[in-house]
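A short write-up of the structure that comes next.
Per chain, numbering begins at 1; letters A, B, ... match sequence-line order. Bear in mind that the values here come from a model prediction, so they are computed numbers and not experimental data.
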Amino acid sequence: MRPVALVDCNNFYASCERLFQPRLRGKPVVVLSNNDGCVIARSNEAKAIGIAMGAPWHLSKETFKRHGVIVRSSNYTLYGDISRRVMRILSTFTPHLEIYSIDEAFLGLEGFGDRIEGHARDIRRTVLQWTGIPVSIGIAPTKTLAKAANRLAKRGNGVSLLMTTDAQSEALAQLKLTDLWGVAGRMEKRLAAIDITSPLQLRDADVHVLRQHAGVVIERMALELRGISCAGLLELVPQAKSIMCSRSFGRAVTARRELEEALSTYAERAAAKMRRQDLATSTIQVFVTTNPFKAQETQYTASTTITLPVATANSTKLVKAATTALARLWRDGVRYKKAGVVLLDLVDARTVQADLWTSPDLPRSLRLMQAMDKLNAVYGRETLSLASSGRKVAWALRAEKRSLRYTTDWNELLRVA
DNA sequence: TCTGGGGTCCTAGGACCC
DNA sequence: TCTGGGGTCCTAGGACCC
C-alpha cells in the first residue's frame, strides 16, 4: 500500500502574521476576510475562546475586545509567499507532491517502510526551523484517511499514522461525520436519513445503498475510508476549468448603472487573469444575488450564461457579453448585494485563431443535418461543437482534429463533408 | 451599516435529435 | 399531425472545500 501524507500548516494565516510580529505569540489572533467582513483564520488561543470560523466581525467586535483578541486584516501576498517557501521545502522530501491549497499538500511517501514516522517528524522539524510555520502530518493509504489522520495529528503530537485497519478503526471512532473531508451539514442530514451517524457506520455501509441515497461522492468516500484509493496524487497542475471574479458590495446596490460598472470591472479582471494563464473562453456567466442574511427582505439570485461564437481572450468582448447578460438578469427594485463573472470552457489561447466568419442567420436545413451527420461519421462527435445564440448557429471544427483553426464557415464545412 | 472569494464536482430537468 | 422511446447536450443550482 502506498502511503499518502497530508501536510497541513496549523492556523496558516494566523501563523504567518505571527512570524513578523512576535508579540502575537501566545495571544488569541484572528485574521479577517476582504473588507474585514468575517473571520477566516484563528490561532489556537482564539479557538479556545470559542470564536467560530466565519464569525462576522461587526457582530463580534465587543467579544473580541473583551478577550483581548488581536485582529489582523488579511495579506494574501504575504501568505502566498510563505506558502511557496513551505512547498519548496516539502518538495525536497519527495518527488511526489500535490499542492492542494495554499496551506496543504499531499505527499507520496512510498519506500520508507518502518522509518516513515521518523521521516514525517523530520519534515515537520525542517519546515518549522526554516520557515517558522508549524505543520501537522497525517499518513494513511488514501487521501480521505490521510485527512482524518491529520485531524488527529493536530489534537496530538503533530504526526499521526493510520496504516493498519486497527489504527483506522480506532481513529474513526474518535471523529464525527462532519470531521470527514467532504461531509458538511447537508450531507450529514442525508446520511442520518439512512441511519448513518458516524464515520465507522459510513465506512461499513453498503455502497449501493450509499450511491442510491447519498450519491456517488459519498460512495467513493466510503471506499476511501476502507483504504481503497479513489483519488490519486495530482502532481501536475491541471489547467483551470473556470476563472471567477466576484465581490460583495459594502451596501446594497439598486442602480443598474452601478451594477453594470461593477460587472464590467469583474469581467476585465477575470479576462486578465485568464490571459496570464494563456487561456481563452467562449462561455461567460454572470450572477447576481441579494443579501441572504436579511431573511425578511425579498431574495433574488440569478445567473445566466452567454456563449460566444468563438473563444476569445479579449476584454472588450467579454465586458460587452457581461453587459448583455446583466440585461437579462436585471430586475427593478432589487437590492443587489453581490455579483460576479465566471469564465468557463477555457481552452488554450494559442490554438484559437481569429480569422472567423459567422453567418448571421443560418437556416437549419436538411442539408445542415446531413452535413452534420457526415462530419460526425468521419471525425466523431467530439470533433464538432455547436455554438448557438438565439437564431445564430455556427459550427466550430476543432483545431486538433481537422485543421489548424476553428471555422464557422458553412461552405467550408460542406466541402469537408 | 457592517456576514469573503475562488474553486471543483455532481445532478436534475429541459431542449433537442434520431 | 400525432405518438414515443432512447439518447446527448446544456444550464442552473446544490454541496462542499480552503
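- Distances from the side chain of A:R220 to the nucleotides B:dG6, B:dC10, B:dG4 place B:dC10 closest.
- Among the heavy atoms of the strands, none lies under 4.0 Å from A:R190.
- Considering only side-chain atoms of A:N35, the nucleotide from B:dG6, B:dT3, B:dG5 that sits closest is B:dG5.
- Summarising the geometry, the separation between OH on A:Y76 and P on B:dG5 is reported as 9 Å, rounded to the nearest angstrom.
- Heavy atoms of A:K337 sit under 4.0 angstrom from primed sugar atoms or phosphate atoms, though from no base atom.
- Atom pair A:Q239:CD and B:dT8:P shows a separation of 10 Å (rounding to whole Å applied).
- Contacts of A:W181 with the nucleic acid, taken as non-hydrogen atoms under 4.0 Å apart, involve only primed sugar atoms and P, OP1 or OP2.
- OP1 and OP2 of B:dG4 both lie 4.0 Å or more from every side-chain N or O belonging to A:S74.
- Note: NZ (A:K143) to P (C:dC18) measures 12 Å, nearest angstrom.
- Look at A:S246 and you'll find a side-chain N or O under 4.0 angstrom from OP1 or OP2 of B:dG6.
- With DNA chain B read from its 5' end, the first of the two nearest nucleotides for A:C245 and A:D36 is the one closest to A:D36.
- Contact annotation for A:L32: no contact, since no heavy-atom pair falls under 4.0 Å across all strands.
- As judged by a 4.0 angstrom heavy-atom cut-off over every strand, A:G340 is placed among residues making no nucleic acid contact.
- Atoms NE2 (A:H213) and P (C:dA15) sit 17 Å apart, rounded to a whole Å.
- Listed nucleotides: C:dC16, C:dG13, B:dG4. Nearest to the side chain of A:S303: C:dG13.
- Closest approach to the A:S33 side chain among B:dC10, B:dG4, C:dT11 is made by B:dG4 (side chain taken as heavy atoms from C-beta onward).
- Within the structure, a side-chain polar atom (N or O) of A:S242 is placed less than 4.0 Å from OP1 or OP2 of B:dT8.
- As judged by a 4.0 angstrom heavy-atom cut-off over every strand, A:Q285 is placed among residues making no nucleic acid contact.
- Ion pairing between a basic and an acidic side chain is recognised when a charged N comes within 4.0 Å of a carboxylate O; A:K154 and A:D8 show such pairing.
- Between B:dG6 and A:R247, a contact under 4.0 Å exists linking OP1 or OP2 to a side-chain N or O.
- Dashed line: the shortest gap from a side-chain N or O of A:K147 to OP1 or OP2 of C:dC16 is not under 4.0 Å.
- Using a 4.0 Å heavy-atom distance criterion, A:K294 is classed as a sugar-phosphate-only contact.
- Under 3.5 Å, the side chains of A:T312 and A:N314 contain no donor-acceptor pair of N or O atoms.
- Per the geometry, NZ belonging to A:K338 stands 6 Å off C1' belonging to B:dG5, to the nearest Å.
- With rounding to whole Å, A:M53 atom CE is found 12 Å from B:dG5 atom C1'.
- Atom CG of A:L343 and atom P of B:dT8 are 12 Å apart (whole Å).
- Residue-level contact check: A:T304 touches the backbone only, with heavy atoms under 4.0 Å from sugar-phosphate atoms and none from bases.
- Listed pair A:T307 / C:dC10 fails the phosphate criterion, with no side-chain N or O lying under 4.0 Å from OP1 or OP2.
- Within the cation-pi definition used here (under 6.0 Å to the ring centroid, within 45° of the axis), A:K338 does not qualify as a partner of A:F249.
- When heavy atoms are screened at a 4.0 angstrom cut-off, A:V216 is found touching the sugar-phosphate backbone but no base atom.
- Defined by atom type and a distance below 3.5 Å, a donor-acceptor pair is missing between the side-chain atoms of A:S43 and A:R25.
- In this structure, B:dC18 forms a base pair with C:dG5, meeting either the Watson-Crick or the G-U wobble geometry with both donor-acceptor distances under 3.5 Å.
- When the nucleotides B:dG4, B:dG6, C:dA15 are ranked by their closest atom to the side chain of A:M187, C:dA15 comes out on top.
- Between A:W330 and A:Y300, the ring centre distance reaches or exceeds 6.0 Å.
- Nearest nucleotide to the A:I243 side chain, out of B:dT3, B:dG5, B:dG7: B:dG7.
- Side chains of A:R124 and A:S136: no donor on one and acceptor on the other come within 3.5 Å.
- Counting only distance, with no hydrogens or angles, the side chain of A:S282 and the backbone of A:A311 share no donor-acceptor pair below 3.5 Å.
- Contacts of A:N291 with the nucleic acid, taken as non-hydrogen atoms under 4.0 Å apart, are absent.
- For A:D345 and C:dA12, the CG to C1' distance is 14 Å, given to the nearest whole Å.
- Here A:K241 does not reach the OP1 or OP2 of B:dG7: none of its side-chain N or O atoms lies under 4.0 Å away.
- A donor atom on one side chain and an acceptor atom on the other are found under 3.5 Å apart for A:R328 and A:T304.
- For the P atom pair drawn from C:dC18 and B:dT3, the interatomic distance equals 24 Å after rounding to whole Å.
- For the OP1/OP2 pair of C:dA15 and a distance below 4.0 Å, the side-chain nitrogens and oxygens of A:R186 include at least one atom meeting the criterion.
- Across all strands, A:L180 comes closer than 4.0 Å only to sugar-phosphate atoms, never to a base (heavy-atom distances).
- Within the 4.0 angstrom heavy-atom criterion, only backbone atoms of the sugar-phosphate kind lie near A:Y100; the bases stay farther away.
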